[in-house]
Amino acid sequence: MSVKTSSDLWWKNAVVYCLDVEMFFDSDGDGCGDLLGLTERVDYLAGLGVSVLWLMPFYPSPNRDDGYDITDFYAVDSSMGTLGDFVELVRTCRDRGIRVIVDFVMNHTSDQHPWFQAARSSKDSPYRDFYVWVDEKPPEKPGDLVFPDAETSNWTYDRKAGQYYQHRFYKHQPDLNLANPAVRDELAQVLGFWLEQGLSGFRVDAVPFLIEGVLDDPHQIIRDLRSYVNRRVGEAVLLGEVNLPAEQTRAFLGDEDGDELHMVLDFIGNQALYLSLARGSAEPLTKALSSYPKIPAAASLGRFVRNHDELTLDKLSEEERAEVFARFGPDESLQLYGRGLRRRLPTMLEGDERALRMVYSLAFSLPGTPVLFYGEEIGMAENVDIEGRYAVRAPMQWARDGGFTLPGVSPRRPMVEGAFGPERVNVTDQRRDPGSLLNWFERLIRRRRECPELGFGSLTLLESGAESVFAHRVDWEDATIVCVHELSGSPATVSLPVGDGERLVDLFDHSDHDLPATLQLEPYAARWFRVARTGVRLPP
Ligand code: NOJ
């Protein structure tokens, strides 16, 4: 495959940036970020080098789950702007070489959605079967509650309807009945509508729940979704939220040719990464990454360090989870639902920027598509005084005075305070400092995009000879990249397997190493090398 054809599979060499419009930049001084504000900051994102913008929900919503509770799939919440503003944003992004994808919630609506209101009003309503109703409450299944702090059941009795309705999440989010073809048609129309606004795809919320309860070939729903979306727009992608063991996650990418989701977020690798960091050992990550079956050539894994929810550790064993809690969030107030953490990485690492850079370097060096959450590029932390999962969704820190809204205005959610507050962590200061995290991220992203091997190649885990060093190789056609990352914060010595007539060229400082390479690594070292072979010209 040449670089030319690699553009057809653009998502495999993309760098995604996820943000909440309400928390990014407030242009009109009402305390709430908006589309106009975001549009003003598109050049910031372009400068950083990201190639895909992922917008968290911006649809009209009573906002009881930060917009994941939608009342109208066809509009923009007035607090964030208008559909016109949305189109201007997408157009501006396109002009700066950035594609836009949006969160799409197909699993449920808000209970305020007109479909649900009609459904509960009458058994004869055409919308009744849009939701899942039963007369008798089914027995609860252990582990089925996603938000055990708020709910005690996945079924709630609706007096008006005289029946129980299903909700895998909050009771104000009734589940849509995807087994009903009329529901699937309606949702297809919604997807078609947004694709016509110039989008390049969707982050599909809660994917495994979509096919639950569908008896005949449940994955057909995902196949149909994929073929519909790509009939409408050939380049559009589906990035799925699938937090399941590797084998089951892989199933959502479809057959060998990949006929379901184009990408899934790699929760398994993410959770193992934290266990590896807690132990200072490469072993958990090595084990997790080798548990993935081969993925289709056109598919990709979204590699992320932090997302917008709790940092879930639900796929680790109880003991493993306890280790991560003990190391990164021992206080119960930092934990959530017994399975996750409410912190971002900089505070977990007590502000150690070497360690921080190493973690992102590692995530970006794994074959797959890196996904950033806003603020990671400046080392933003959380505000634990903000309730629950929203602790990590504080307003973006643009300047020493916050810079998110107009002076004197209180943001809809409080900013981070203290050592990681905007006085010390902000875009303006870091822009001016060539050694800042922000400028380092810009270089990292540029490097990552210049290395399509990392998007398209296949992973080989290497025996580094040092427990604390995660070493891997990525091969694509005749190109090879070798990376080493020291996870424990101690010096280490590693030997890298390199063949006759090969040399390693450091991708960040361009020094060559004679081989076989025995490297002395400093604590939290993060190194990427291209393998130079006699007679093969290397890219710059
Ligand atoms: C998954 C989203 O990531 C989360 O934020 C949301 O609360 C649930 N889906 C329900 O929509």
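Read the numbers this way: they start at 1 and go in the same order the structure lists the ligands and their atoms.
- At under 3.5 Å, not a single nitrogen or oxygen of Y170, backbone or side chain, sits near a nitrogen or oxygen of ligand 1.
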### Task
Test salt bridge (Lys or Arg N to Asp or Glu O under 4.0 Å) on R203 and E241 and set out the steps.
CA-CA 7 Å; R203 179 267 189 185; E241 182 197 24; 3.5 Å; yes
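- Here is the list of ligand 1 atoms found below 4.0 Å of a heavy atom in H308: 2 (C), 3 (O), 5 (O).
- Ligand 1 places these atoms under 4.0 Å from at least one heavy atom of F147: 7 (O).
- Ring to ring, F441 and Y360 are close: their centroids are under 6.0 angstrom apart.
- With ring centers used as reference points, Y165 lies under 6.0 Å from F116.
- Scanning the protein heavy atoms around atom 10 (C) of ligand 1, the nearest turns out to be D65 OD2, 3.3 Å.
- For atom 3 (O) of ligand 1, the closest non-hydrogen atom of the protein is D309 OD2, 2.6 Å.
- The atoms of ligand 1 that sit less than 4.0 Å from any heavy atom of H108 are 10 (C), 11 (O).
- Ring pair Y274/F328 is perpendicular by interplanar angle, where above 60° counts as perpendicular and below 30° as parallel.
- In terms of heavy-atom proximity, M380 sits nearest to A394 at CE-O, 3.7 Å.
- Scanning the protein for heavy atoms near atom 2 (C) of ligand 1, the closest one is D205 OD1, 3.2 Å.
- Judged by distance alone, the side chains of Y228 and R223 never bring a donor and an acceptor atom under 3.5 Å apart.
- Contacts of R393 with ligand 1, taken as heavy-atom pairs under 4.0 Å, involve the side chain alone.
- Residue pairs that meet the salt bridge (Lys or Arg N to Asp or Glu O under 4.0 Å) test with at least one member in residues 156-185, sequence neighbours left out, are R120-D158, D144-R168, E151-K171, R168-E212.
- The ligand atoms of ligand 1 that sit less than 4.0 angstrom from a heavy atom of E241 are 1 (C), 3 (O).
- Residue R389 approaches ligand 1 through these ligand atoms, each under 4.0 Å from one of its heavy atoms: 4 (C), 5 (O), 6 (C), 7 (O).
- At least one heavy atom of R203 sits closer than 4.0 Å to an atom of ligand 1.
- Side-chain atoms of Y44 and E377 form a donor-acceptor pair, as typed in the model, at a separation below 3.5 Å.
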